[in-house]
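The structure appears right after this line, and notes come after that.
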Amino acid sequence: KTTNYQFGVSGGDEKTNYYLSGTYLNQEGVVMTNKVERYTFKLNLDHKVSKSLKMGSSIGYSKWKDVDVDEAGKYGSLLYMLTGVPVTDVYNADGTFAINPFYHDLENPVATIIKNEHAYQNYKFNGNVYGEFSFLKYLKFKSMFGFEQLNSTYKSWVDPYRSVEGRNFKGTASLVNSQTTFWNFENTLSFAKSFNKHNFTALVGYISSETASESASINARNFGSAAV
């Protein structure tokens, strides 16, 4: 199931133009509990200060949550789905999760999906501002500064009793925080002129940029109960 909403507003006059947009997306994956929910906003603004000077800016913000599912590996739900017994119900009569009657280490895939949690929470901001100056009819100088920052949090929880993985490690929990920052600064000078039936253009410029990343994580095992 997918829910998607979008809106956009634009307008302006002889000197100023703007565009504002936003989207909302809620999409469910093929596997139970797997889904992504995303909000996005964007604003573009251009203003003509004079005949020679033009300025503008673009700003964007996104927030999304991605509920992941551990599909691969020794404790992945995909392995349990492929090796499960078709005649076994999901639940026992008392409401507990049924297990493989022939090999108890093969976990109930529904139990691993519902009782374990793996989720990403992301926030992203990006924007730029520019100025453009025309002079001597044929020359144009443009300067632009851009910035982007992504903050991400990953949380993982494996119930100490509901799965083989959880029982082996008496439950596991993980928390990872990361941040990536990027900026760039561009300066260009362009020349454009027509000579009779010929067009001549030239461009020179300088670009500098930097990317920085950092992260911190914590992991824990051996939980006495699921009430944490």
Search all heavy atoms of Ser152 against all heavy atoms of Tyr120 and return the closest pair with its distance.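 Looking at all heavy atoms of both residues, the shortest contact is OG-CD2, 4.5 Å.
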Compare every heavy atom of Ser209 with every heavy atom of Phe182, then report the nearest pair and how far apart it is.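 The pair with the smallest heavy-atom distance is CE1-CB, 3.9 Å.
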Among Asn151, Thr153, Ile218, which residue satisfies the side-chain contact (heavy atoms from CB on, under 4.5 Å) criterion with Asn177?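 Only match with Asn177 under side-chain contact (heavy atoms from CB on, under 4.5 Å): Thr153.
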Got a second to check how far [X]'s [atom1] is from [Y]'s [atom2], nearest 0.5 Å?
X	Y	atom1	atom2	answer
Thr181	Glu148	OG1	CD	9.5 Å
Ser217	Leu175	OG	CG	8.5 Å
Lys155	Gln121	NZ	CD	8.0 Å
Tyr138	Ser194	OH	OG	9.0 Å
Phe141	Ser52	CZ	OG	14.5 Å
Leu150	Ser62	CG	OG	9.5 Å

Treating Ser57 as the side-chain partner and Asn128 as the backbone partner, does any N or O pair qualify as donor plus acceptor under 3.5 Å?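 Pair found, side chain donor or acceptor close to backbone of Asn128.
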Is any side-chain heavy atom of [Y] closer than 4.5 Å to one of [X]?
X	Y	answer
Leu203	Thr188	yes
Lys142	Tyr130	yes
Gln149	Lys124	no
Phe223	Trp157	yes
Ser213	Gln179	no

Trp64 vs Tyr123, test: side chain to side chain contact (heavy atoms under 4.5 Å, CB included). Steps then yes/no. CA-CA 7 Å; Trp64 69 96; Tyr123 305 88; over 6 Å; no
Worked check of side chain to side chain contact (heavy atoms under 4.5 Å, CB included) between Ser178 and Glu214: CA-CA 6 Å; Ser178 62; Glu214 60 181 18; over 6 Å; no
Where do Phe125 and Ile59 land on the side chain to side chain contact (heavy atoms under 4.5 Å, CB included) test, with the steps shown first? CA-CA 8 Å; Phe125 171 83; Ile59 299 174; 3.6 Å; yes
Under the ring pair (Phe, Tyr, Trp, His ring centres under 6.0 Å) criterion, do Phe147 and Phe145 qualify, and how do the steps go? CA-CA 7 Å; Phe147 178 83; Phe145 178 78; 7.1 Å; no
Taking only residues at least two apart or on different chains, which pairs with a member in residues 193-220 satisfy ring-ring contact (aromatic ring centres under 6.0 Å, His included)?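 Of all non-adjacent pairs touching residues 193-220, those that pass ring-ring contact (aromatic ring centres under 6.0 Å, His included) are Phe191-Phe200.
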Could you tell me which residues satisfy side-chain contact (heavy atoms from CB on, under 4.5 Å) with Ser134, sequence neighbours excluded, listed by chain and number?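 Testing Ser134 for side-chain contact (heavy atoms from CB on, under 4.5 Å), a comparison that skips the adjacent residues, returns Lys140.
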Determine, using the 4.5 Å side-chain heavy-atom cutoff (strictly less than), whether Phe185 and Leu189 are members of one ILVMFWY cluster.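 No, separate clusters.
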My understanding is that only residues two or more places apart in sequence, or in another chain, count here; which of them pass ring-ring contact (aromatic ring centres under 6.0 Å, His included) with Tyr39?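 Listed in chain order: Tyr24.
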Quick one: which residue pairs count as a salt bridge (charged side-chain N to carboxylate O under 4.0 Å, His left out) with a foot in residues 56-67, not counting sequence neighbours?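 Found none.
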Any residue meeting side chain to side chain donor-acceptor pair (under 3.5 Å) with Trp183, in chain and number order, not counting sequence neighbours: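 If we apply the side chain to side chain donor-acceptor pair (under 3.5 Å) test to Trp183, skipping adjacent residues, the hits are Glu210.
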Apply the test side chain to side chain contact (heavy atoms under 4.5 Å, CB included) to residues Thr180 and Thr211: give CA-CA distance (whole Å), side-chain angles for both, the deciding distance (0.1 Å), then the verdict. CA-CA 7 Å; Thr180 301; Thr211 301; 4.2 Å; yes
Inter- and intrachain pairs under side-chain hydrogen bond (donor to acceptor under 3.5 Å, both in side chains), touching residues 4-19, at least two apart: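 Found Thr16-His47.
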